[in-house]
Student: 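First, the structure itself, so that you have it in front of you.
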Amino acid sequence: MSIKQPLWRVPVPDTKDPTLKIYNSLTKSKTEFIPRNGRIVKWYNCGPTVYDASHMGHARNYVTQDILRRIMSDYFGYDVQFVMNITDIDDKIILGARQKHLFEKFRDQTSSLSQELIDRIHTAWKVHVLKNVSKGLPEQVKPQSGEEDSGWLRVIEFVQDNGLKAECVKRDEKFDMHLTTARRTFSALSTAREKLSSTHNQDDALQLLDESRGVLAASLDEELKHAVSDPSIFRAVSTYWEDQFFKDMDRLHVRRPDILTRVTEYVPEIVGFVQRIIENGYGYEHNGSVYFDTLAFDSSSSHFYAKLEPWSKGNRELLAEGEGALSSASGKRSASDFALWKASKIGEPSWPSPWGPGRPGWHIECSVMASAVFGDNMDIHSGGIDLAFPHHDNEIAQSEAHHECDSWVNYFIHTGHLHIEGLKMSKSLKNFITIDEILQKCTARQLRLAFLSQLWNAKVDFSESLMTGEVKIIETSFSNFFSTVKAILAVCDGQSDGHHHYEVPEQELMKELSQSKMAFRDALCDSFNTPDALRILRELVSRTNVYINSRGKALNVSVVEQSARWVGQMLRMFGLGEGEREELGWGTEQEGGGGGVNRDEILLPYLRVLSSFRDGVRRLAIAKGDDALPEILKLCDRLRDDDLVTLGVALDDQEDGKALVKLVPPAELIKARDEKRQKLEAQAARKAAAVQEQEQKRLAKLEKGRIPPEEFFKPPNVPEGTYGQWNEQGLPIADGAGEKLSKNQEKKLLKLWNDQKRLHEEFLASQRQQQ
């Protein structure tokens with residue numbers, strides 16, 4: 001008879017593991033994330049158009065996308081293939097490069113201030129106010145046709161003085177920028193006219209040019225753009241700003257893409273992509289340009305135009321903005337049609353194509369580059385919410401038209417707008433803070449914490465109070481926690497004291513750690529809810545701190561370490577410890593977003609030896625109690641309170657005679673030390689005052705004892721006539737009238753005489769001591 005094992009029962013889980021759901025712009029809801037190829041995730045992220053300095057809008061978008069990417073790969077364990085593009089040819093790049101080139105060339109050729117120069121800038125100023133400023137002005141305020149400068153100046157001052165700016169901005173969101181440019185140039189012209197009669201030097205001319213650059217560059221471009229044909233002019237601008245962009249991203253600890261694509265490197269593929277769209281019946285050519293036929297696409301039974309924002313497809317303003325400042329609407333069959341290929345014009349770079357020389361349209365770029373890497377489908381496409389329409393909707397349409405598929409992207413995720421102190425940030429409005437500027441005020445870690453504390457797809461209102469208040473509190477709480485835990489671990493020798501130290505408090509902390517891990521996963525599965533995830537980490541830190549402070553010598557270092565290590569791992573997963581070789585916590589970070597050497601790793605071995613030396617000296621001095629004790633203790637305190645404080649080292653004396661070694665920002669230690677010293681000095685001053693008061697009382701008492709008891713009741717020590725007779729000891733026996741004193745009076749006087757005798761003896765003793 002064979003012996004068999006008992007039946008094994010399949011475990012039934014107590015709780016179901018949550019599934020990742022992502023807010024999908026294609027459904028406007030949280031949908032379960034299901035990659036098409038197992039754990040592989042194909043992800044395309046819209047990169048920057050490189051024509052100017054990176055700003056806070058870029059930080060919001062790319063830091064946030066980096067956080068989501070890290071969560072997907074480092075937490076959920078997906079094999080993310082992250083592709084990002086660089087738009088290195090575009091209307092903004094062309095216009096910016098051309099204007100920069102023409103302005104700098106004109107500036108280099110200007111040798112002196114002249115009436116001709118003033119007239120030229122004045123003409124450009126008039127064009128600027130007529131073309132740009134007037135767009136935001138109410139009709140009743142605009143100057144009459146042919147009115148001189150005084151009329152425009154009157155209008156500008158009127159708008160400024162009567163609070164009409166907000167109303168004008170509603171008509172044209174760029175009004176404030178245009179108005180500022182006009183005022184600045186007019187002021188520079190007025191100054192130049194005053195100087196013209198007395199000087200013609202180059203410095204005054206260059207000052208006028210620099211102050212009026214905004215109007216003159218546009219005027220020069222309109223007049224001389226045909227003369228700009230060298231492709232290197234455009235390449236130089238895009239190459240420079242691409243390099244600056246990635247330097248800024250490195251400072252923000254944003255991971256580089258796995259694959260980087262540039263538009264100018266994919267022009268042949270773009271031409272072929274456009275040809276296929278035409279062949280499939282969704283594109284048409286007109287005068288060398290090719291347009292996407294939105295009506296033909298939308299009328300197809302297998303296609304739908306504007307999947308992301310169908311309500312915006314008639315928005316002419318958004319459509320025009322998507323086409324670019326250098327585009328022409330002529331030849332389009334429908335207002336919603338958009339350019340796939342733009343016929344070349346003077347002053348623009350071009351490439352050969354079947355339709356003649358030209359350049360790619362903006363929307364086609366991402367479709368081609370993403371398709372070149374991923375084919376006819378990808379899991380995730382991401383970008384800022386301002387790109388949803390028309391850019392991303394047009395991407396979807398032309399890609400599905402090319403591939404003849406009905407789902408080019410499975411999940412579209414859009415990061416929310418960034419507002420600065422309540423106002424929407426916009427590079428085109430010159431209302432932006434560069435990344436370099438913000439990193440002079442806060443660190444990359446603090447910036448990332450600010451974004452982590454907000455939902456990735458929500459509007460972020462970035463303000464001074466956010467950084468100096470909430471973010472600083474969060475950062476300090478984590479830093480203090482890791483500093484304390486590392487100090488505890490540094491003095492733990494791992495030897496057993498005969499007790500397991502795993503009682504109710506330890507069990508509760510481990511239970512809270514497990515619950516925190518589950519709640520953390522729930523939060524990230526809920527469409528990357530980082531504010532909740534961050535809150536869970538902070539609450540666990542708080543509970544662990546309570547445990548540390550309550551257990552004393554019964555502290556179980558292991559449970560503290562487990563809690564701290566998991567919190568540190570999750571923070572580093574969010575990108576808060578990038579560049580650090582930290583096993584616990586998140587290390588240190590230099591101001592300006594730069595990472596430094598691992599300060600803990602370098603300093604702690606030396607500091608522990610130094611601390612151990614100090615511990616030994618203190619123990620020896622206290623045990624021996626010899627004459628050197630005060631001086632030795634004073635040296636120890638100087639080491640703790642002065643030398644080590646300036647290094648950012650805190651020594652916390654413990655009951656067992658061993659100090660905890662902590663690394664803390666020097667400024668915090670110096671401030672705490674100075675406040676403690678001020679408090680001690682105040683206490684010492686009060687004590688000294690009390691001692692002085694006691695000394696004054698003692699001296700007064702001694703001075704009173706100067707009188708011998710035999711003379712104490714005799715004039716001049718008492719008023720003349722108080723007493724009439726005294727015995728041989730000087731005690732009164734009769735009053736001034738000769739009447740014998742009562743027994744009660746004699747008793748009181750005898751007590752006073754004895755007190756004075758004691759005081760006089762003390763006085764004489766002090767005199768002998770002084771001699």
Side-chain angles (χ1 to χ4, degrees), residues 3-24 26-43 67-81 379-380 410-411 413 452-453 455-457 478 481 485 500-547 556-577 583-584:
I3 299 174
K4 297 182 178 179
Q5 288 180 302
L7 181 67
W8 176 77
R9 295 181 180 179
V10 177
V12 178
D14 293 332
T15 57
K16 185 180 179 181
D17 195 35
T19 57
L20 172 60
K21 293 184 178 181
I22 299 176
Y23 184 86
N24 189 353
L26 288 165
T27 63
K28 298 297 183 291
S29 64
K30 297 175 185 178
T31 54
E32 182 179 351
F33 180 66
I34 306 173
R36 288 189 63 176
N37 299 293
R39 305 296 295 175
I40 296 174
V41 174
K42 298 179 179 180
W43 188 336
I67 290 169
L68 302 188
R69 177 186 177 189
R70 288 169 183 269
I71 294 171
M72 290 288 284
S73 61
D74 297 0
Y75 185 78
F76 288 114
Y78 287 108
D79 179 9
V80 176
Q81 299 176 357
D379 296 296
I380 299 175
N410 297 336
Y411 300 86
I413 59 179
L452 276 164
S453 63
L455 288 173
W456 60 271
N457 57 341
F478 283 127
F481 173 66
V485 174
H500 59 70
H501 296 298
Y502 199 81
E503 298 164 350
V504 173
E506 288 73 28
Q507 294 169 15
E508 289 179 348
L509 182 58
M510 291 306 293
K511 181 179 179 182
E512 287 170 349
L513 174 58
S514 296
Q515 291 174 343
S516 296
K517 289 181 178 181
M518 289 189 290
F520 188 85
R521 190 172 189 86
D522 283 338
L524 294 189
C525 282
D526 183 21
S527 191
F528 312 114
N529 190 333
T530 57
D532 259 8
L534 204 58
R535 175 187 55 78
I536 291 162
L537 296 179
R538 293 179 66 191
E539 288 176 353
L540 180 60
V541 164
S542 178
R543 292 173 188 141
T544 308
N545 281 332
V546 170
Y547 169 78
N556 187 322
V557 176
S558 175
V559 297
V560 172
E561 184 178 6
Q562 287 185 62
S563 175
R565 287 195 184 282
W566 180 72
V567 172
Q569 288 168 6
M570 295 307 98
L571 291 174
R572 291 194 300 278
M573 180 272 295
F574 282 146
L576 293 167
E583 293 183 2
L584 177 70

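Remember, predicted model here, so these are calculated numbers, not experimental data.
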Student: Taking S516 for its side chain and E512 for its backbone only, find out whether a donor-acceptor pair lies under 3.5 Å.
Tutor: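 Side chain of S516 to backbone of E512: a pair is present.
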Student: Do M72 and I380 pass the side chain to side chain contact (heavy atoms under 4.5 Å, CB included) test, and can you show the C-alpha distance, the side-chain angles, and the key distance before you say yes or no?
Tutor: CA-CA 11 Å; M72 290 288 284; I380 299 175; 4.1 Å; yes
Student: Going through the distances and angles, do R521 and D17 end up as a salt bridge (Lys or Arg N to Asp or Glu O under 4.0 Å)?
Tutor: CA-CA 9 Å; R521 190 172 189 86; D17 195 35; 3.4 Å; yes
Student: Residues in ring-ring contact (aromatic ring centres under 6.0 Å, His included) with Y547, at least two apart?
Tutor: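 In terms of ring-ring contact (aromatic ring centres under 6.0 Å, His included), with neighbours along the sequence ignored, Y547 is linked to no residue.
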Student: Taking the side chain as every heavy atom from C-beta outward, state whether L452 and L576 have any atom pair closer than 4.5 Å.
Tutor: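 Heavy-atom side-chain distance check passes, below 4.5 Å.
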Student: Identify the residue among T530, L20, V80 that makes a side-chain contact (heavy atoms from CB on, under 4.5 Å) with I71.
Tutor: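 Among the candidates, only T530 passes.
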Student: F574: which residues meet the ring-ring contact (aromatic ring centres under 6.0 Å, His included) condition with it, sequence neighbours left out?
Tutor: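 Partners of F574 under the ring-ring contact (aromatic ring centres under 6.0 Å, His included) test: F520.
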Student: How about I67 and F528: do any of their side-chain heavy atoms sit closer than 4.5 Å?
Tutor: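 Not in contact.
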Student: Between the main-chain N or O of S527 and the side-chain N or O of W456, is there a donor-acceptor pair closer than 3.5 Å?
Tutor: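 Answer holds: yes.
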Student: Given E539 and R535, is the side chain to side chain contact (heavy atoms under 4.5 Å, CB included) satisfied, shown in steps?
Tutor: CA-CA 6 Å; E539 288 176 353; R535 175 187 55 78; 3.1 Å; yes
Student: With sequence neighbours excluded, tell me which residues meet salt bridge (charged side-chain N to carboxylate O under 4.0 Å, His left out) with E503.
Tutor: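 Expected list: R551.
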Student: Look at the side chain of N37 and the backbone N and O of I40, then say whether any donor-acceptor pair between them is shorter than 3.5 Å.
Tutor: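 No, because the side chain of N37 does not come within donor-acceptor range (under 3.5 Å) of the backbone of I40.
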Student: Search all heavy atoms of T544 against all heavy atoms of S563 and return the closest pair with its distance.
Tutor: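 Shortest heavy-atom separation between T544 and S563 comes out as OG1-OG, 2.9 Å.
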